[in-house]
Amino acid sequence: MNYLSPSILSADFWKLGEDIKAVEGAGVPWLHVDVMDGLFVPSISYGMPVLKAVRPHTDMFLDVHLMIEKPERYVEEFAAFGADLVNFHLEATEDVKGCIDKIRATGKKVGITIKPATPAEAVDPYLELVDMVLVMTVEPGFGGQKLIPECLDKVAVIRKMITDRGLTTDLEVDGGIHLDNVALALDAGANVIVAGSAVFKDDIAANAKAFLAKMQ
Ligand code: DX5
Ligand code: ZN
């Protein structure tokens, strides 16, 4: 099953609710919430208050992408504020297993994320323990960047690991995905597609529907 997860990082925060309703109305199942701390990545975005404000107004699956140092400090709070899945970066913590366990204990789904320079093999020891692997296809930190094609090779490697072990782990890609390259990501083995700047521009509902049509 494929899922589109539009990143609200590229939404218009003046009318965030309206933008979210546009994608929800188009039939989009997931929403991607990028949290940046200015340390793990050079930029700062938003955090718990935004998640808390959005949660009561939508049934969409809230896919939270933590780009923060020592995520184990905050994963429980993000779960409590309404995340359905909490993704954290392997590069951001010295205690990956502990962080997985903390998220698991909240009853929410667990995702692990790797940056472009981190090899596919880094997820190997954790594959049985998580619900999703997120492969960054740009350097995390900003929307609107160009996809790094080599990252899709890692997607193919991880999809093979998942299949070979008989797992049902979701595999997400994030960064630089547009209507003209989404097929490449799906072909590589991704089944969850993040798109920010390609969705939250002009006619948002039409953009979302165009993605959904390509993802069936
Ligand atoms: C980047 C974020 C992405 C970003 C994607 O650090 O994790 O989710 O919003 O934006 P686009 O689709 O514009 O590359
Ligand atoms: Zn993201």
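Remember, predicted model here, so these are calculated numbers, not experimental data. Ligands are counted one by one from 1 in listed order, and the atoms in each one are counted from 1 as well.
D34 and H65 share a side-chain donor-acceptor pair at under 3.5 Å.
W30 and Y3 have parallel rings, their planes meeting at less than 30° on a 0 to 90° scale where 60° marks the start of perpendicular.
Heavy atoms only, all atoms of each residue included: M60 and R55 are closest at O-NH2, 2.9 Å.
Comment: R165 engages D124 in a salt bridge, judged by a side-chain N to carboxylate O separation of less than 4.0 angstrom. Residues E18 and K21 are not paired through a salt bridge, judged by the lack of any N-O separation under 4.0 Å between the basic side chain and the carboxylate.
A donor-acceptor contact shorter than 3.5 Å links the side chain of T163 to the backbone of R159. A donor-acceptor contact shorter than 3.5 Å links the side chain of N207 to the backbone of V199.
Within the protein, the number of N/O/S atoms found under 2.8 Å from the Zn ion (ligand 2) is 4.
Remark: K115 qualifies as a cation-pi partner of F40 under the 6.0 Å distance and 45° angle criteria applied to the six-membered ring.
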Derivation of the side chain to side chain contact (heavy atoms under 4.5 Å, CB included) call for I114 and L134: CA-CA 6 Å; I114 54 171; L134 164 53; over 6 Å; no
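Protein residues with any heavy atom under 4.0 Å from ligand 1: S7, L9, H32, D34, M36, H65, M67, M136, P140, G141, F142, G143, G144, D174, G175, G176, V194, A195, G196, S197.
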